[in-house]
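Reading through the structure tokens given below for one structure.
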There are 2 protein chains.
Amino acid sequence: MKSDMTKKTDLSARIAKSISDSILAGDLLADDRLPSEAELAEDFDVSRSTVREALKRLAAQSLIRTERGAFGGAFVRQLSYDDARRQNITMSTLLLTMNEVRFDVACEARFALERACLPLSAARCGPKDLARLRKEIGRQASPDLSDEAFCASDVAFHRAIVDSAGNPILSYQLSGAVEAMQPLMNMITYTARSRARIVALHTDLADALERRDAAAADAILTVLQTYTLQLGEGLLAHRAQMRAERSAT
Amino acid sequence: MKSDMTKKTDLSARIAKSISDSILAGDLLADDRLPSEAELAEDFDVSRSTVREALKRLAAQSLIRTERGAFGGAFVRQLSYDDARRQNITMSTLLLTMNEVRFDVACEARFALERACLPLSAARCGPKDLARLRKEIGRQASPDLSDEAFCASDVAFHRAIVDSAGNPILSYQLSGAVEAMQPLMNMITYTARSRARIVALHTDLADALERRDAAAADAILTVLQTYTLQLGEGLLAHRAQMRAERSAT
DNA sequence: GGCATTTAATTGTCTGGCAATTGTTTTTCC
DNA sequence: GGAAAAACAATTGCCAGACAATTAAATGCC
């Protein structure tokens with residue numbers, strides 16, 4: 001076995017793992033009710049506090065939800081796309097910031113993944129998707145927009161491209177890559193010139209998708225990637241400097 | 001605000017969120033020590049049990065680790081790629097099974113994402129990566145292999161392709177898509193004929209990568225996708241039947 | 001039958017305590 | 001003086017018991 005778990009980890013962790021295994025294995029289905037805390041305490045032969053700690057662990061992973069009152073209790077939670085997406089974004093953000101990932105590495109991953117969506121997006125995007133893209137482009141063009149708001153709209157634009165592929169699994173998998181970039185992109189100061197350039201590229205991209213021209217969209221994305229990388233160039237040095245300062249402390 | 005959180009959710013959830021926000025915002029850095037449970041209890045004006053439940057929530061998300069003894073306590077945990085990958089896989093698996101995602105949808109997402117890696121893999125894969133690929137191909141060719149083991153090796157092969165792109169962020173993001181497929185693929189029975197076909201395609205793929213021929217690799221992946229889809233065709237009906245049976249209960 | 005009240009089950013929170021762990025400090029002994 | 005042993009202190013892990021809050025069901029009343 002990879003990890004023995006016996007007698008070295010928390011009781012609450014072991015209990016949580018036991019229940020979580022049951023859920024993963026399909027022994028417990030969505031909306032099934034778990035035994036009450038008192039029953040679980042007896043089943044596992046631990047105190048109620050320990051059971052509660054285990055249940056909180058599961059709740060933190062969106063595996064269960066709890067309801068109070070008679071006939072309440074802990075219920076297996078059907079993991080929604082939104083919940084999964086939120087957790088994915090949190091984890092990706094954390095991974096990027098805590099490991100001081102280089103801007104170019106994150107950028108490469110993000111654009112590679114987005115490129116994977118383009119053929120599907122070009123084939124399937126509908127009027128609603130295009131409207132969403134145009135709306136964000138319009139917002140990006142307004143001059144009285146903070147750098148942060150511009151960046152947020154940029155992320156929204158790219159999310160819209162991913163969603164237009166019409167595959168929810170794809171949207172989920174890419175949410176982390178697209179949205180976790182935001183903190184990194186926020187460190188860029190967008191001049192009027194660079195904004196205009198980006199808006200133009202976004203417009204070209206939307207046009208290409210509307211024409212269902214995947215090859216053109218791909219080419220534009222490549223240009224956008226190069227330009228983004230260029231804008232973020234300074235961040236590599238900045239990161240290195242931060243690290244140097246901290247180690248000097 | 002999106003969610004008020006005040007006076008409707010658990011105290012432990014609010015406290016966990018408060019601490020987790022501090023970590024996400026960078027106020028708490030990796031290996032920083034949190035106040036002791038007793039201190040936190042006083043700070044937040046709650047009992048120690050409530051603080052403990054909050055800390056267990058954070059531990060479940062790999063945000064902190066705890067150590068016992070004097071000078072022990074809760075420490076901000078540097079989220080490792082492995083931790084993140086594990087959680088990503090769990091969540092993806094859960095998402096796929098609990099939402100009864102159609103095999104073709106999951107398959108499409110998986111191959112689209114893998115396709116995104118191919119140019120990078122072709123450009124960068126080294127001898128070690130190729131050896132890993134060949135090793136899995138060799139395993140898949142041995143006739144005395146259970147369907148499950150064959151499937152596990154298939155997943156390992158595709159993970160190796162992703163890893164050979166040499167971008168850890170990409171590897172992380174794709175781990176969910178690749179590994180969460182395994183439970184679905186496990187429902188396929190692999191005949192000797194289909195195994196031979198898959199091994200041949202895998203070999204072609206490895207050869208193409210060795211030649212640094214991204215276009216050829218892409219074409220082979222398309223064939224593999226079509227074939228996988230064909231093998232999994234029955235699962236769509238199977239799923240529908242399962243659902244029908246359950247609703248009849 | 002419909003509405004108000006009571007009841008029972010369950011989670012949420014608190015208090016207080018003891019055991020286990022572990023780095024530090026002090027003591028003991030050679 | 002130095003090394004081993006013992007005591008110490010801080011901290012988490014776990015437990016028992018209590019009470020409050022909530023909520024669906026059961027009951028009673030009209």
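In what follows, chains carry the letters A, B, and so on, assigned in the order in which the sequence lines appear, proteins first and then strands, with residues in each chain numbered from 1.
Distance Arg68(B) CZ to dT11(D) C1': 9 Å, rounded to the nearest Å. Rounded to whole Å, the distance from CD on Glu42(A) to P on dA16(D) is 11 Å. One atom, CG of Leu55(B), and another, C1' of dC14(D), lie 15 Å apart when rounded to the nearest Å. Between the CZ atom of Arg65(B) and the C1' atom of dG13(D) there is a distance of 18 Å, rounded to whole Å. One can place CD of Glu37(A) at 14 Å from C1' of dA20(D), the figure rounded to the nearest angstrom. The distance between atom CG of Leu40(A) and atom C1' of dC15(D), rounded to the nearest whole Å, is 17 Å.
For Arg48(B), no side-chain nitrogen or oxygen approaches OP1 or OP2 of dT12(D) to under 4.0 Å.
Heavy atoms from other residues, nucleotides or ligands lying under 6.0 Å from CD of Glu67(B) number more than 12.
Scanning DNA chain C 5' to 3' for nucleotides with an atom closer than 4.0 angstrom to a non-hydrogen atom of chain A gives a first and last hit of dA8(C) to dT13(C).
Glu67(A) comes within 4.0 angstrom of sugar-phosphate atoms only, judged by non-hydrogen atoms across all strands, and of no base. Backbone-only engagement by Arg33(B) is indicated by non-hydrogen atom pairs under 4.0 Å involving sugar-phosphate atoms exclusively.
Contact annotation: the side chain of Tyr172(A) never approaches that of Leu96(B) to less than 4.5 Å [non-hydrogen atoms, C-beta and beyond]. Glu148(A) is not listed as a side-chain neighbour of Gln182(A), based on a closest heavy-atom distance of 4.5 Å or more.
Of the residues near DNA chain D, Glu39(B) and Ser49(B), the one whose nearest nucleotide (by heavy atom distance) lies more toward the 5' end is Glu39(B).
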Report, one line per pair, each donor and acceptor closer than 3.5 Å where one atom sits in a side chain of residues 55-62 of chain B; sequence neighbours left out.
from	atom 1	to	atom 2	distance (Å)
Lys56(B)	NZ	Asp10(A)	OD2	3.0
Arg57(B)	NH1	Ser12(B)	OG	2.7
Ser62(B)	OG	Gln87(B)	NE2	2.8

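Ring pair Phe150(B)/Tyr190(B) is tilted by interplanar angle, where 30° to 60° counts as tilted.
Taking each heavy atom of Ser92(A) and Gly176(A) in turn, the nearest pair found is OG-CA, 3.3 Å.
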